[in-house]
Asker: 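Here it is: the structure, laid out below.
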Number of protein chains: 2
Amino acid sequence: MGIKERRKREKQFRKKEILAAAKVLFFEQGFAATSMNQIAKQVELSKGTLYLYFKNKEELYVSLLVEGLSLMNEAFVRAVQDKTTWIEKLSALGWAYYQFSVDQKQFFHINVQFHHGEITKNISDDLYQQCAEAAINALSFLSDAVQQGISTNEIKQEDPLSIAVILWGSLTGTIMLHEGKDHRKFIPAPIDLLIEKSINILIEGLKNNEPEDKAKM
Amino acid sequence: MGIKERRKREKQFRKKEILAAAKVLFFEQGFAATSMNQIAKQVELSKGTLYLYFKNKEELYVSLLVEGLSLMNEAFVRAVQDKTTWIEKLSALGWAYYQFSVDQKQFFHINVQFHHGEITKNISDDLYQQCAEAAINALSFLSDAVQQGISTNEIKQEDPLSIAVILWGSLTGTIMLHEGKDHRKFIPAPIDLLIEKSINILIEGLKNNEPEDKAKM
DNA sequence: TTATTAAATGACCAGTGGTCAGAAAATCAC
DNA sequence: GTGATTTTCTGACCACTGGTCATTTAATAA
């Protein structure tokens with residue numbers, strides 16, 4: 001029964017065609033400024049057909065993120081492959097993430113929007129899960145490096161995953177603050193210096209930093 | 001000429017009425033799901049009138065942020081007023097920011113959207129400037145504390161403003177990652193623990209951390 | 001009272017995201 | 001081949017959107 005499989009392949013192909021068309025327009029114009037009509041025209045299908053492949057505009061938009069996160073994971077693999085110490089690894093991952101936010105600016109922006117949640121509200125559980133898994137996978141690069149630092153007793157922490165979230169969040173926030181989609185900027189410092197200091201501070205902060213039960217002031 | 005002034009006051013009042021109505025709906029439903037028609041109905045004005053006071057939907061939305069940033073600044077004033085060391089100050093500011101993101105969740109979200117830039121693209125330079133100034137003002141609390149640490153030689157850094165941006169960005173990112181508007185969560189660690197660790201790491205990272213011209217690996 | 005200015009209206013516009021009955025195309029059964 | 005069945009696709013249609021603007025209404029000035 002090769003026909004069923006061929007049809008399935010063709011359906012997948014259509015989906016990818018739609019995604020490719022959507023990518024062009026979303027990346028050029030942003031989410032709000034891009035309409036389903038435009039996408040339909042670009043991919044030479046009727047608008048109704050788009051809804052056979054994606055439940056709504058948000059789902060189509062966030063689906064792009066899957067590719068983006070995959071690219072990011074590849075970058076992370078490359079970043080750590082020839083590194084040995086946890087410091088080298090974390091530093092390389094930090095820089096790889098920053099580089100990703102430059103090279104794949106648009107993906108980075110979708111990622112921020114995904115985590116912010118306003119656009120994400122209407123996407124399917126399935127797609128959400130896909131993105132979450134990819135994100136967790138990215139986090140694991142960080143937490144592995146942290147775990148290594150814990151093993152060698154250079155980092156005094158209990159939960160490497162928590163630390164990974166902090167590292168990831170810190171860089172995401174700092175980059176976002178500086179590199180928004182609006183052309184206007186009010187932050188004086190150059191971004192690469194910011195990233196350098198940021199990575200440096202975070203790594204230094206992890207060294208021999210006893211976990212303590214401070215009162216929350 | 002008291003009439004001119006009275007009219008000006010009345011106009012300001014109208015503007016505030018519109019903002020109040022918009023706030024209710026935007027906070028309940030989010031930006032995209034709230035329409036200008038709804039807001040007009042809520043404030044008992046025609047839709048056209050809204051556009052006499054705000055140039056577009058985004059401008060109306062982001063205008064809310066001005067109030068939010070003002071609240072945040074007040075919280076920052078309270079946070080540092082009885083603190084002496086830079087560590088106490090930074091810690092208190094960090095917690096105050098987190099508390100703000102909980103108490104004024106919606107304002108925090110607008111702030112993220114503002115910095116992300118997708119929604120912000122169409123707002124006036126005037127409003128942008130207002131928000132930028134308020135943000136810089138908030139940053140100055142942080143950079144003042146950092147400056148204090150530099151003065152006492154406990155922090156080895158050159159540009160306190162850059163550090164302030166990093167601190168602000170780090171917390172913003174970490175909170176955003178964990179507290180998106182989507183109900184679904186995939187980050188296991190409790191947020192307050194994350195914040196505690198985050199503040200701790202950042203402060204430790206600042207202590208005696210020589211600024212160096214490391215190659216970017 | 002009349003003229004002037006300011007404020008508010010709502011019908012109107014092009015376009016939106018999304019739906020769905022029906023057309024078109026491909027596959028299956030014979 | 002033919003007709004029945006299933007899958008894919010279409011585009012007219014819907015309620016509604018953000019935004020505009022000639023016109024009306026109200027307030028002030030002369």
Side-chain angles (χ1 to χ4, degrees), chain A residues 1-22 25-26 28-64 113 118-124 127, chain B residues 1-22 25-26 28-64 113 118-124 127:
Chain A
M1 262 300 188
I3 285 180
K4 274 252 173 88
E5 273 89 45
R6 202 204 72 223
R7 288 212 127 181
K8 214 169 186 177
R9 274 203 317 274
E10 283 175 351
K11 228 179 162 185
Q12 273 310 108
F13 187 71
R14 263 287 137 84
K15 203 166 178 177
K16 277 179 189 165
E17 283 184 317
I18 295 171
L19 277 169
L25 294 169
F26 279 135
E28 256 174 23
Q29 311 174 328
F31 176 76
T34 301
S35 74
M36 294 300 270
N37 287 307
Q38 285 174 23
I39 296 169
K41 190 165 277 179
Q42 174 93 10
V43 74
E44 292 174 293
L45 287 170
S46 75
K47 181 164 59 163
T49 304
L50 302 188
Y51 287 91
L52 297 176
Y53 291 86
F54 299 93
K55 63 174 280 207
N56 55 36
K57 193 184 172 185
E58 285 84 2
E59 185 98 1
L60 177 44
Y61 185 63
V62 176
S63 290
L64 292 174
Q113 286 172 294
E118 168 96 31
I119 277 186
T120 316
K121 281 186 240 166
N122 299 327
I123 70 170
S124 65
L127 178 56
Chain B
M1 262 298 188
I3 284 180
K4 275 253 173 84
E5 274 88 46
R6 199 204 73 222
R7 289 215 127 180
K8 214 168 185 177
R9 273 202 320 272
E10 283 175 351
K11 227 177 163 187
Q12 273 310 108
F13 188 70
R14 262 288 135 84
K15 205 167 178 176
K16 279 180 189 165
E17 282 183 317
I18 296 171
L19 278 169
L25 293 169
F26 279 134
E28 257 174 22
Q29 311 175 329
F31 176 75
T34 301
S35 75
M36 294 300 269
N37 287 307
Q38 284 174 19
I39 296 169
K41 192 165 274 181
Q42 174 93 9
V43 74
E44 291 173 295
L45 286 170
S46 76
K47 180 165 59 166
T49 304
L50 300 187
Y51 287 90
L52 298 175
Y53 291 86
F54 299 93
K55 66 174 279 210
N56 54 36
K57 193 184 172 184
E58 284 85 1
E59 184 99 2
L60 177 45
Y61 185 63
V62 177
S63 290
L64 292 174
Q113 285 171 295
E118 167 97 31
I119 276 186
T120 319
K121 282 186 237 164
N122 299 327
I123 70 169
S124 65
L127 178 56

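Just so we're on the same page: letters track the sequence lines, and every chain starts at 1. Everything numeric in this text was worked out from a predicted model, so none of it was measured.
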Asker: Respond yes when some side-chain nitrogen or oxygen of B:Asn37 is under 4.0 Å from OP1 or OP2 of D:dT17, and no when none is.
Answerer: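 Yes, such a contact exists.
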Asker: Under 4.0 Å from OP1 or OP2 of D:dT8: is there any side-chain N or O of A:Tyr53 that close?
Answerer: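 For A:Tyr53, the contact criterion (side-chain N or O under 4.0 Å from OP1 or OP2 of D:dT8) is not met.
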Asker: Do the side chain of B:Asn56 and the main chain of B:Asn122 share a donor and acceptor less than 3.5 angstrom apart?
Answerer: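 Yes, because the side chain of B:Asn56 sits within donor-acceptor range (under 3.5 Å) of the backbone of B:Asn122.
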Asker: In whole Å, what is the span from the CD1 atom of A:Ile39 to the C1' atom of C:dG18?
Answerer: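 Spelled out: CD1 on A:Ile39 to C1' on C:dG18 is 13 Å.
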Asker: Is it the case that the base of D:dG18 and the side chain of B:Lys47 share a donor-acceptor contact (distance under 3.5 Å, atom types as modelled)?
Answerer: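 Pair found.
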Asker: By the definition side-chain contact (heavy atoms from CB on, under 4.5 Å), identify the one residue from A:Met36, A:Lys15, A:Lys55 that meets it with A:Leu60.
Answerer: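 The option that passes is A:Met36.
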Asker: Atom CG of A:Leu50 and atom P of D:dT10: how far apart are they, to the nearest Å?
Answerer: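 My rounded result for the distance is 9 Å.
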Asker: Nearest whole Å is fine: how far is C:dA7 P from B:Arg9 CZ?
Answerer: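 Distance check: B:Arg9 CZ to C:dA7 P gives 14 Å.
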Asker: D:dT10 P sits how many Å from A:Arg14 CZ, rounded?
Answerer: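 Rounded to the whole Å, the gap is 7 Å.
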Asker: Send over the distance from A:Leu52 CG to D:dG11 C1', rounded to a whole Å.
Answerer: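 Answer to the nearest Å: 13 Å.
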Asker: Let me know, please, whether A:Glu44 or B:Glu58 comes out on the 5' side of the other along DNA chain D by nearest nucleotide.
Answerer: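 Looking at the nearest nucleotide for each, A:Glu44 comes out on the 5' side.
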Asker: May I have the distance from B:Lys11 (atom NZ) to C:dA8 (atom C1'), rounded to whole angstrom?
Answerer: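 Nearest whole value for this atom pair: 11 Å.
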Asker: Once you round it to whole Å, what is the distance between P of C:dA6 and OH of B:Tyr51?
Answerer: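 One finds 24 Å between P of C:dA6 and OH of B:Tyr51, rounded.
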Asker: Measuring from atom OH of A:Tyr53 to atom CG of A:Leu19, what distance do you get when rounded to the nearest 0.5 angstrom?
Answerer: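 One finds 11.5 Å between OH of A:Tyr53 and CG of A:Leu19.
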Asker: Find which nucleotide of DNA chain C each of A:Thr49 and A:Met36 is nearest to by heavy atoms, and output the residue with the more 5' nucleotide.
Answerer: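 Its nucleotide being nearer the 5' end, the pick is A:Met36.
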Asker: Base, sugar-phosphate, or nothing for A:Leu45, non-hydrogen atoms under 4.0 angstrom?
Answerer: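 A:Leu45: backbone/sugar contact only, no base atoms under 4.0 Å.
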Asker: Spell out, as yes or no, whether a donor-acceptor pair under 3.5 Å connects the side chain of A:Glu118 to the backbone of B:Phe31.
Answerer: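 Side chain of A:Glu118 to backbone of B:Phe31: a pair is present.
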Asker: For B:Phe54, which contact category applies under a 4.0 Å heavy-atom criterion: base, sugar-phosphate, or nothing?
Answerer: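 B:Phe54: no heavy atom of the nucleic acid under 4.0 Å.
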Asker: Assign each of A:Asn122 and B:Gly48 to its nearest nucleotide of DNA chain C by heavy atoms, then name whichever residue's nucleotide is nearer the 5' end.
Answerer: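 Per heavy-atom nearest nucleotide, the more 5' residue is B:Gly48.
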Asker: Mind checking if B:Ser35 touches a base, just sugar-phosphate, or nothing, with heavy atoms under 4.0 Å?
Answerer: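 Sugar-phosphate: the residue B:Ser35, judged by heavy atoms under 4.0 Å, touches backbone atoms but no base.
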Asker: For A:Ser124, does its backbone N or O pair with a side-chain atom of A:Glu59 as donor and acceptor, under 3.5 Å?
Answerer: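 Yes, A:Glu59 side chain to A:Ser124 backbone: donor-acceptor pair under 3.5 Å.
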Asker: Can you measure A:Lys41 atom NZ to D:dT10 atom C1' for me and round it to whole angstrom units?
Answerer: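 Answer to the nearest Å: 15 Å.
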Asker: Using a cut-off of strictly less than 4.0 Å, decide whether A:Arg7 has a side-chain nitrogen or oxygen near OP1 or OP2 of D:dT6.
Answerer: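 No.
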